[in-house]
Amino acid sequence: GPCRNTVRQLWMGGRLWARNREEGGGERGEQSGPGGLWLLDIAEQCRPAGRDTGGVSSRNVELVRDAFEAVNRGDVEWLIEHSAPDVEIRGRGVAGEPVLYTGAAGIREYFRDMAESWQSIEVVPEDIREIGDRVVAIANRRLRGRGSGIDVEDKVGVVYDLCDGLAIRIAGCRDVAEALAEVEFDV
């Protein structure tokens with residue numbers, strides 16, 4: 001059927017993704033995002049088990065969930081405490097330019113940069129999965145512009161590389177497809 005349970009498919013962000021169209025059962029689906037990923041057009045009842053933990057959260061998934069809570073309350077010290085000394089945070093600036101923050105100073109700088117542009121920030125995880133030694137999260141982000149007061153909402157992906165309970169690399173992604181391409185989930 002259209003829903004073979006393979007490691008080349010992943011249910012994430014309320015949708016099924018695959019490395020190629022055939023993995024999802026033929027002609028249904030559309031190519032979306034980097035890395036040649038396909039967003040598959042299938043019914044909810046076809047949801048594959050994939051690498052879903054069946055509601056059981058790992059230590060890494062819980063750490064990522066806690067990190068979202070720390071970001072929302074502006075707890076910079078918690079994030080520093082749960083990151084490697086040379087942690088790398090990669091993402092995009094307000095104008096879409098690539099940005100890199102490194103170490104505890106980088107975490108502080110990230111929060112200063114965000115506070116310059118945004119009056120309020122809330123990031124609510126929708127889906128968090130462990131994929132190999134990485135954790136990928138899809139989240140709804142709500143921002144309010146500092147000068148304009150304009151509310152902005154979008155869906156983002158965040159990929160965490162963790163080692164011994166510490167974040168060693170965090171990659172902010174524009175969307176689900178970019179996050180899944182980042183983790184190369186079929187490896």
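Note that this is a predicted model, so its numbers are computed, not measured.
Scanning all heavy atoms of the two residues, the minimum distance from L63 to G165 falls at CD2-O, 3.3 Å. Taking each heavy atom of A70 and W78 in turn, the nearest pair found is CB-CE3, 3.5 Å. Closest approach of V159 to C173, counting heavy atoms only: CG2-SG, 4.2 Å. Between V64 and A137, the shortest heavy-atom contact is CG1-CB, 4.3 Å. Here the closest heavy-atom approach between residue P125 and residue A139 is recorded as CA-CB, 3.8 Å.
Remark: side-chain polar atoms of E81 are not paired, donor with acceptor, to backbone N or O of E77 under 3.5 angstrom. Panel note: side chain R112, backbone I107; no donor-acceptor pair is recorded below 3.5 Å.
Under a hydrophobic clustering in which Ile, Leu, Val, Met, Phe, Trp and Tyr are joined whenever their side-chain heavy atoms come within less than 4.5 Å, directly or via other members, L166 and Y110 fall into different clusters. Hydrophobic clustering places V152 together with F68 (ILVMFWY residues linked when any side-chain heavy atoms are closer than 4.5 Å, directly or through intermediates).
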List the steps, then state whether side-chain contact (heavy atoms from CB on, under 4.5 Å) holds for D151 with L143.
CA-CA 6 Å; D151 290 330; L143 309 160; over 6 Å; no

Start with the C-alpha gap between K155 and I138, add the side-chain angles, then the distance that decides, and say whether side-chain contact (heavy atoms from CB on, under 4.5 Å) holds.
CA-CA 7 Å; K155 188 173 292 213; I138 304 305; 3.7 Å; yes

Stepwise side-chain contact (heavy atoms from CB on, under 4.5 Å) test for I121 and V123
CA-CA 7 Å; I121 301 167; V123 188; 4.0 Å; yes

Checking side-chain contact (heavy atoms from CB on, under 4.5 Å) for the pair L79/F111: CA distance, chi angles, key distance, verdict?
CA-CA 11 Å; L79 292 165; F111 273 88; 3.4 Å; yes

N/O donor-acceptor pairs under 3.5 Å from side chains in residues 85-103, not counting sequence neighbours:
unit_1 : atom_1 : unit_2 : atom_2 : d
E88    : OE1    : R90    : NE     : 3.3
E88    : OE1    : R90    : NH2    : 2.8
R92    : NH1    : G96    : O      : 3.4
E97    : OE1    : A95    : N      : 3.1
Y101   : OH     : D113   : OD2    : 2.6

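Between R73 and E122 there is no salt bridge, since no side-chain nitrogen of the basic residue lies less than 4.0 Å from a carboxylate oxygen of the acidic one. Looking at E62 and R65, a side-chain N of the basic residue comes within less than 4.0 Å of a carboxylate O on the acidic one, giving a salt bridge. The pair E153-R141 does not count as a salt bridge, with every side-chain nitrogen at least 4.0 angstrom from each carboxylate oxygen.
Looking only at side-chain heavy atoms (C-beta outward), V156 and D175 stay at 4.5 Å or farther from each other. In this structure, the side chains of S83 and I80 stay at 4.5 Å or more apart for every pair of heavy atoms. Between V135 and I128, some side-chain heavy-atom pair lies under the 4.5 Å cut-off. Inter-residue side-chain proximity for V158 and V136 is flagged as unmet; no heavy-atom pair is nearer than 4.5 Å.
The side-chain hydrogen bond (donor to acceptor under 3.5 Å, both in side chains) test applied to R146 returns no partner, not counting sequence neighbours.
The local environment of OH in Y160 is crowded, with over 12 non-hydrogen atoms from other residues, nucleotides or ligands closer than 6.0 Å.
Counting only N and O atoms by type, the side chains of E130 and N60 include a donor and acceptor under 3.5 Å apart.
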